[in-house]
Amino acid sequence: MRIVVGMSGGVDSSVTALLLHRAGHEVIGVFMNNWEESGEDGVCTAESDWADVRAVCDAIGIPYYAVNFAQEYRERVFAYFLEEYRAGRTPNPDVLCNREIKFKAFLDFGLQLGADRIATGHFVRRAQDAEGFRLLRGLDPAKDQSYFLYMLGQRALSYAEFPVGGMTKAEVRAIAREAGLPTFAKRDSTGVCFIGERDFKAFLQAYLPAQPGEMRDLRTGQAVGRHDGLMYYTLGQRRGLGIGGSGDGRRWFVVSKDLEQNLLWVAQGDDHPGLYTREALAGQVTWIAERPPVSEGAELACTAKFRYRQEDQRVRARLTAEGLHLAAEELQRAVTPGQSVVLYQGETCLGGGIVERAW
RNA sequence: UGGGGUGUCGCCAAGCGGUAAGGCACGGGACUUUGACUCCCGCAUUCGUAGGUUCGAAUCCUGCCACCCCAG
């Protein structure tokens with residue numbers, strides 16, 4: 001088969017290409033450059049990542065290309081990202097990036113190159129049965145990335161290969177080392193995909209105008225400080241408030257935002273009730289199977305993650321006219337509008353939605 | 001300008017003659033393909049100020065300054 005591999009310049013995608021090549025496939029490495037701007041340190045990491053991709057492909061002995069989806073990224077991912085922040089929510093751009101860029105724009109590009117399949121270095125597995133394709137958690141529980149891929153559908157999965165999804169990170173690095181791939185010891189990347197690690201507040205300030213306002217104590221209703229603009233804070237956030245020492249001396253956390261009055265409500269203590277909810281409503285619900293696991297109104301017992309790397313939470317899910325209603329067994333801390341809630345049944349990622357509100 | 005009280009890191013606050021706890025904030029790191037949370041490390045050669053007593057003071061004494069309270 002001809003397989004086009006999305007290569008980031010990291011170990012995971014390096015090993016992905018290596019394994020497919022060893023399996024006898026015709027492998028083509030493709031590097032995506034989707035963000036045309038260097039970091040605040042002035043260093044353009046995309047450039048060194050591209051160099052790493054070339055070095056890895058040369059080591060394996062496969063051809064490579066670079067493509068630029070910067071326009072698509074800006075229009076389909078970044079615009080949404082800014083809109084959400086402007087609306088006072090906290091979006092997860094990477095779930096959209098996967099759906100719109102890696103498993104749409106990139107997939108189409110691969111198909112144009114005559115590929116039978118595309119592959120990425122994601123730590124997830126794919127399964128197929130009479131019902132169609134399923135998305136399974138990566139085998140390494142510490143690295144599972146199914147949370148970020150819950151928006152994929154059947155078309156994307158039908159073309160996708162995830163060669164490292166069945167191994168642990170340690171195994172991946174070992175393979176890279178043994179094969180002499182130059183990226184074997186490269187540090188795992190973090191931060192928004194393609195944009196990278198940033199001073200987040202400073203980054204947002206470059207795109208969104210500040211609207212300073214009052215910070216108020218949820219308990220007393222009294223002003224306890226000033227905020228630089230509601231979009232720079234997210235629910236459950238502690239650092240950056242700058243109001244330490246007041247009140248009873250405990251830590252302060254963001255509890256809610258009032259866009260109407262431009263107020264940031266904060267509360268003291270990690271155990272403040274305002275920080276916890278048990279129910280939530282999610283919109284923009286999508287299912288990997290492309291159809292709901294239960295009929296509307298019926299209840300589904302499953303587990304959910306309200307944020308990446310959260311341990312599985314037992315929930316009862318129900319599809320209503322409003323959206324996906326979730327009732328968690330345990331109290332949930334700082335469930336935040338804009339973030340994705342992803343549902344699982346055992347190893348299978350069912351799909352998910354975007355949190356509208358929680359209570 | 002009569003009386004009383006208080007002045008220790010940005011904030012709160014231990015210390016009561018033996019050579020500056022702790023919390024919050026803040027900075028750095030770890031963790032992490034979102035944002036957060038969490039964890040770890042760092043953070044006053046100096047205690048309003050000027051003198052004095054003492055081997056030795058933030059701790060005792062004196063002057064001055066500032067703030068607070070009660071009287072006016």
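Just so we're on the same page: letters track the sequence lines, and every chain starts at 1.
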> Go through residues 82-94 of chain A and report each residue with a non-hydrogen atom lying under 4.0 Å from RNA chain B, sorted by number.
A/Y85, A/T90, A/P91, A/N92, A/P93, A/D94
> Using the P atom as the point on both nucleotides, what is the distance between B/U53 and B/U62, in whole Å?
15 Å
> Under 4.0 Å, counting only non-hydrogen atoms across every strand here, what does A/D248 touch: a base, just sugar-phosphate, or nothing?
nothing
> Any chance you could pull the hydrophobic cluster mates of A/L300, using side-chain heavy atoms under 4.5 angstrom and chaining through other members?
A/V285, A/W287, A/V294, A/F306, A/V315, A/L319, A/L324, A/L326, A/V335, A/V341, A/L343, A/L350, A/V355
> Verify whether one side chain among A/T286 and A/Y150 offers a donor that lies under 3.5 Å from an acceptor in the other.
no
> Between the side chains of A/T183 and A/S14, does any donor sit under 3.5 Å from an acceptor?
yes
> Among residues 3-20 of chain A, which ones have heavy-atom contacts with RNA chain B below 4.0 Å?
none
> Side-chain donor-acceptor pair under 3.5 Å between A/D248 and A/Q268, yes or no?
yes
> For residues 335-359 of chain A, which residues have at least one heavy atom under 4.0 Å from RNA chain B?
A/T336, A/Q339
> Taking any strand in view, what nucleotide pairs with B/C64 in a Watson-Crick or G-U wobble way, both distances under 3.5 Å?
B/G48
> Looking at A/Y276, I'd like to know if its OH atom is crowded, meaning that more than 12 non-hydrogen atoms belonging to other residues, nucleotides or ligands lie closer than 6.0 Å.
yes
> Which residue pairs pass the salt bridge (Lys or Arg N to Asp or Glu O under 4.0 Å) test with at least one member in residues 133-152 of chain A, sequence neighbours excluded?
A/D129-A/R134, A/R137-A/D312, A/R137-A/E347, A/K143-A/D188
> Tell me, which pairs form a salt bridge (Lys or Arg N to Asp or Glu O under 4.0 Å) where one or both residues lie in residues 74-98 of chain A, sequence neighbours left out?
A/R76-A/E100, A/E84-A/R89, A/R89-A/E356
> Taking the six-membered ring for Trp, are A/Y85 and A/F81 parallel (under 30°), tilted (30 to 60°) or perpendicular (over 60°)?
perpendicular
> Taking the C1' atom of each, how far is B/C24 from B/A13, in whole Å?
11 Å
> From the options B/U33, B/G35, B/U32, select the nucleotide whose nearest atom is closest to the side chain of A/T234.
B/G35
> Report yes if the distance between the aromatic ring centroids of A/F148 and A/Y308 is under 6.0 Å, otherwise no.
yes
> Mind checking the C1' distance from B/U1 to B/C61? Whole angstroms is fine.
23 Å
> Provide the full list of ring pair (Phe, Tyr, Trp, His ring centres under 6.0 Å) pairs with a residue in residues 210-230 of chain A, sequence neighbours left out, each pair given once.
none
> Using a distance-only test with no angle check, is there a side-chain donor-acceptor pair under 3.5 angstrom linking A/Q332 and A/Q313?
yes
> Indicate, with a heavy-atom threshold strictly under 4.0 Å, whether A/Y308 touches base, sugar-phosphate, or nothing.
base
> When the ring planes of A/F78 and A/F203 are compared, do they come out parallel, tilted or perpendicular, using 30° and 60° as the limits?
perpendicular
> All N/O contacts under 3.5 Å from nucleotides 37-43 of chain B to the protein, with atom names and distances to one decimal?
unit_1: B/C37; atom_1: OP1; unit_2: A/R238; atom_2: N; d: 2.8
unit_1: B/C37; atom_1: OP1; unit_2: A/R239; atom_2: N; d: 2.9
unit_1: B/U38; atom_1: OP1; unit_2: A/R251; atom_2: NH1; d: 3.3
unit_1: B/U38; atom_1: OP2; unit_2: A/R238; atom_2: NE; d: 2.9
unit_1: B/C39; atom_1: OP2; unit_2: A/R251; atom_2: NH1; d: 3.4

> Pull out every protein N or O sitting under 3.5 Å from an N or O of nucleotides 9-13 of chain B, one pair per line with the distance.
unit_1: B/G10; atom_1: N2; unit_2: A/G244; atom_2: O; d: 3.3

> Between B/C26 and B/G51, how far is it from one C1' atom to the other, in whole Å?
36 Å
> Can you check the distance between B/G22 and B/C9, where both ends of the measurement are the P atom (answer in whole Å)?
15 Å
> Of the nucleotides B/U32, B/A36, B/U33, which has the atom closest to the A/K102 side chain?
B/U33
> Counting only side-chain nitrogens and oxygens, does A/K143 get under 4.0 Å of the OP1 or OP2 atom of B/U33?
yes
> Check whether any side-chain heavy atom of A/I354 sits under 4.5 Å from a side-chain heavy atom of A/M151, and report yes or no.
yes
> Does B/A21 have a Watson-Crick or wobble partner in any strand here, with both distances under 3.5 angstrom, and which is it?
none
> Quick one: look up who B/C39 pairs with, Watson-Crick or G-U, both distances under 3.5 Å, and put none if it's unpaired.
B/G29
> Please evaluate residues A/D49 and A/K186 with respect to the criterion salt bridge (Lys or Arg N to Asp or Glu O under 4.0 Å), reporting the C-alpha separation (whole Å), side-chain torsions for both, the decisive distance (0.1 Å), and the verdict.
CA-CA 10 Å; A/D49 286 337; A/K186 194 166 169 182; 2.8 Å; yes
> Would you please name every residue forming a side chain to side chain donor-acceptor pair (under 3.5 Å) with A/Q112, sequence neighbours left out?
none
> Provide the full list of ring pair (Phe, Tyr, Trp, His ring centres under 6.0 Å) pairs with a residue in residues 1-32 of chain A, sequence neighbours left out, each pair given once.
A/F31-A/W50
> Mind checking what makes side chain to side chain contact (heavy atoms under 4.5 Å, CB included) contact with A/T120, not counting sequence neighbours?
A/F103, A/H122, A/F162
> Mind telling me whether B/C37 is syn or anti, cutoff 90° either side of 0?
syn
